[in-house]
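The next block holds one structure in the form of structure tokens; read it before the comments.
Note that the numbering runs from 1 along the sequence shown for the chain.
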Amino acid sequence: MASPRFPEAPPSMPATPLAECDAVVARLKKKSLEWPSVGIARRRELLEACTAPLLAIADEWVSAGCRAKGYEPGSIGEGEEWVGGPMILARGITLLSKSLAQGGQPKMPGLRQRPNGQWAADVFPGSWQDKLMFTGFRAEIRVKPGEEPTQGHIYREKAAGRPSKPCVSLVLGAGNVSSIGPLDTFQKLFVEDEVVVLKMNPVNEYLGPFVSKALAPLIEEGLLELVYGGAEVGAHLCQHPDVGSVHITGSERTHDCIVWGLGDEEQQRRKAADDPVLNKPITSELGCVTPVVVVPGPWSPADLKFQARNVASMVTQNASFNCNAAKILVVSKDWPQRGAFLTELKGALSRTPSRKAYYPGAQDRYDGFLEHYPQAEALGERVPKTEEDAAGIVPWTVIDGVPAETGEYALTNEAFCGVIAVVDLPGTNGTSFLENAVPFCNDVAWGTLSAGIIVHPDTEKAHGTALENAIDEMRYGAVGVNVWPALAYGLAVTAWGAYPGHPLSDIRSGIGTVHNTYMLDHPEKSVVRAPFRIRPTPAWFGDHRNLAELGRRITYYEANPTITRLPGVIMAALKG
């Protein structure tokens, strides 16, 4: 019951020899002695210097991703590669630089104490441009109960004469979204004061040369080095005596191999004895069987169509190889429009072109779901034009009638392919349904990374207390209301990571958070809210008609968010 055990991808880059890995760590260790004393002005120079080389190679970066994933030029897939790669990285640079300019304690749009005493920081929108491009959107970070809303821990400590201890961090990059490794690197360098060896994931290590060019100022300064290879290189670096911390984006199974050893028997023995093989700090983001809770309400035919597109896009984006992809649709069996909504959802998925299943093991994982659920309904074009076209295609698939039971296969195994399970719960109105849905999400669905709630404004008005209670009680690091919770990743001002509290012996979705460019020290969860009907078509929708152009334009805008670039972004968005 966990995230997948992925087979190792065939290499596209030569593995870094272990002796060279040792030399990399030795060089970084020397630089780590200097880095904590480097002032903010110099840090901003280094960070901002990455923008120009990033933009210079952005087209090549995106083209390489498209070739690997089977996307045509100008396609939705190309747009996704812009948005999930250079765009979010450019945004991260801009926002992090602004935070550093304010000493690591930037002023937030709002800060308030909730009735229960918990602090909540309003982090979006932060400007009139945000309000214009994301009309009606709001985002907040809730601070862990009992903690103060302090910011920029390492910079406060430096100001008090307590600099960070030198540390070399190993960042084990993710293979699905190209911005993950570089953004995790920023977290370590500029928020945690650690220099970085970034090991590219074998699935997308072909992007390493582009990452190296984009982050050349950090590499030339001796703060970052990239290495390549599979499990052998990763294991060697994890156990290296001069590597002081590890951060992984991947699966729970990979985490447990790193921390507790190889094989179920060794892991169980070591967990029982509290005897990990890795005795150094490790943070992680390890996936989730993400639920989307559809609150029953008075939906019009247009509402049904829009929200079907909304949920379908949460499944199909990046071929569903996202740790936050929608995997469970939680609906009320008492909702009169349940059947109509599922019909619209299946229609939206059927109209979405199939994607190449580029991530290793997708077919085997898909077959596992088919074995458990013979009622699974595959959607879309079933007969490819040629035999070659059929290779590597896993169809979008809806599995209706999945029991809401502890240990159920579809609820406790992350598919990491285009599958969504449908679970029925009782509830004749918003309050009664949410009272059933929240315990299901917390106690039956696997993982604590992300969850969504879709609620009609009339229902929210009538059952607002129940909705707020549901958001409070959901044990997830990101909750999206009427919006894909992945936006908590993409906004960069929100914190991204599992709900806090997992021990190493039961890691689930991981420990720690990244992004969070306001540098709040103790995030509990991020909550992102959007209008029930979003206009224009959101950039993450799978039927956006102009995403390639929008992705390119918004990348250049985020790198330098001037008013002169804004009209081009808006016009591209309106063509979607």
Open item on the list: Looking at Glu232, I want to see if its CD is surrounded by more than 12 non-hydrogen atoms of other residues, nucleotides or ligands under 6.0 Å.
Closed with: no
TODO: Indicate the ring-plane relationship of Tyr373 and Tyr409, choosing parallel, tilted or perpendicular according to the 30° and 60° boundaries.
DONE: tilted
TODO: Could you tell me whether a side-chain N or O of Arg91 sits under 3.5 Å from a main-chain N or O of Ile554, the two making a donor and an acceptor?
DONE: no
TODO: Return yes if a side-chain donor-acceptor contact under 3.5 Å exists between Arg67 and Tyr206, otherwise no.
DONE: no
TODO: Say whether Gln187 and Asp184, considering side chains only, have a donor N or O and an acceptor N or O under 3.5 Å apart.
DONE: no
Open item on the list: Any side-chain to backbone donor/acceptor pair from Arg44 onto Ser97? Under 3.5 Å, distance only.
Closed with: yes
- [ ] Find the distance between OG (Ser212) and CG (Leu226) and round it off to the nearest 0.5 Å.
- [x] 4.0 Å
Task: Set of residues satisfying side chain to side chain contact (heavy atoms under 4.5 Å, CB included) with respect to Thr352, sequence neighbours excluded - done: Thr316, Trp396
Open item on the list: Can a donor-acceptor pair be found, under 3.5 Å and without considering hydrogens, that links the side chain of Trp540 to the backbone of Glu80?
Closed with: no
Open item on the list: Quick check: do Ser320 and Lys327 have side-chain heavy atoms less than 4.5 Å from each other?
Closed with: yes
TODO: State the NE2-CD distance between His544 and Gln317, to the nearest 0.5 angstrom.
DONE: 12.5 Å
Task: Cation-aromatic face contact Arg43/Trp35, 6.0 Å, 45 degrees - done: yes
Task: Any donor-acceptor N/O pair, Thr555 side chain to Arg553 backbone, under 3.5 Å - done: no
Task: Counterpart residues, side chain to side chain contact (heavy atoms under 4.5 Å, CB included), relative to Ser178 (two or more places apart) - done: Trp61, Leu207
Task: Distance (rounded to the nearest 0.5 Å) between Ser509 OG and His502 NE2 - done: 5.5 Å
Open item on the list: I'd like to know whether Arg508 forms a side chain to side chain donor-acceptor pair (under 3.5 Å) with Tyr499, so could you lay out the CA-CA distance, the side-chain angles of the two residues, the decisive distance to 0.1 Å, and finally the verdict.
Closed with: CA-CA 10 Å; Arg508 304 276 175 134; Tyr499 191 81; over 6 Å; no
Open item on the list: I'd like to know if the side chain of Thr185 and the backbone of Gly181 have a donor-acceptor N/O pair within less than 3.5 Å.
Closed with: yes
- [ ] Quick one: sort the Tyr358 and Phe321 rings into parallel, tilted or perpendicular, breaks at 30° and 60°.
- [x] perpendicular
TODO: Take atom CD of Glu72 as the centre, draw a 6.0 Å sphere, and report whether it contains more than 12 heavy atoms from other residues, nucleotides or ligands.
DONE: no
Open item on the list: So, taking the atom named CG in Leu491 and the one named NE2 in His515, what distance separates them when rounded to the nearest 0.5 Å?
Closed with: 10.5 Å
- [ ] State whether the side chain of Lys356 and the backbone N or O of Ala68 hold a donor-acceptor pair below 3.5 Å, judged by distance alone.
- [x] yes
- [ ] Give, for atom CD1 of Ile248 and atom NE2 of His255, the distance between the pair rounded to the nearest 0.5 Å.
- [x] 7.5 Å
Task: Side-chain donor-acceptor pair present, His236, Asp22, cut-off under 3.5 Å - done: yes
Task: Test item: Asn310 side-chain N/O and Val483 main-chain N/O as donor-acceptor pair under 3.5 Å - done: no
- [ ] For Lys271 and Glu266, indicate whether the former's side chain and the latter's backbone hold a donor-acceptor pair under 3.5 Å.
- [x] no
- [ ] Report the distance from atom CH2 of Trp446 to atom SG of Cys288, rounding to the nearest 0.5 Å.
- [x] 7.0 Å
Open item on the list: Quiz question: by atom type and distance under 3.5 Å, do the side chains of Ser450 and Tyr489 form a donor-acceptor pair?
Closed with: no
Open item on the list: Less than 3.5 Å apart, any donor N or O on the side chain of Ser169 or Ser245 sitting next to an acceptor on the other?
Closed with: yes
Open item on the list: Does Arg545 have more than 12 heavy atoms from other residues, nucleotides or ligands lying within 6.0 Å of its CZ?
Closed with: no
TODO: For the pair Ser63 (side chain) and Asp59 (backbone), establish whether a donor and an acceptor sit closer than 3.5 Å, ignoring hydrogens and angles.
DONE: yes
Open item on the list: Given 3.5 Å as the limit, does a donor-acceptor pair link the side chain of Glu205 with the main chain of Tyr228, or not?
Closed with: no
Task: Side-chain donor-acceptor pair present, Asp264, Gln268, cut-off under 3.5 Å - done: no
Task: Arg552 bridged to Glu549 by N-O distance under 4.0 Å - done: no
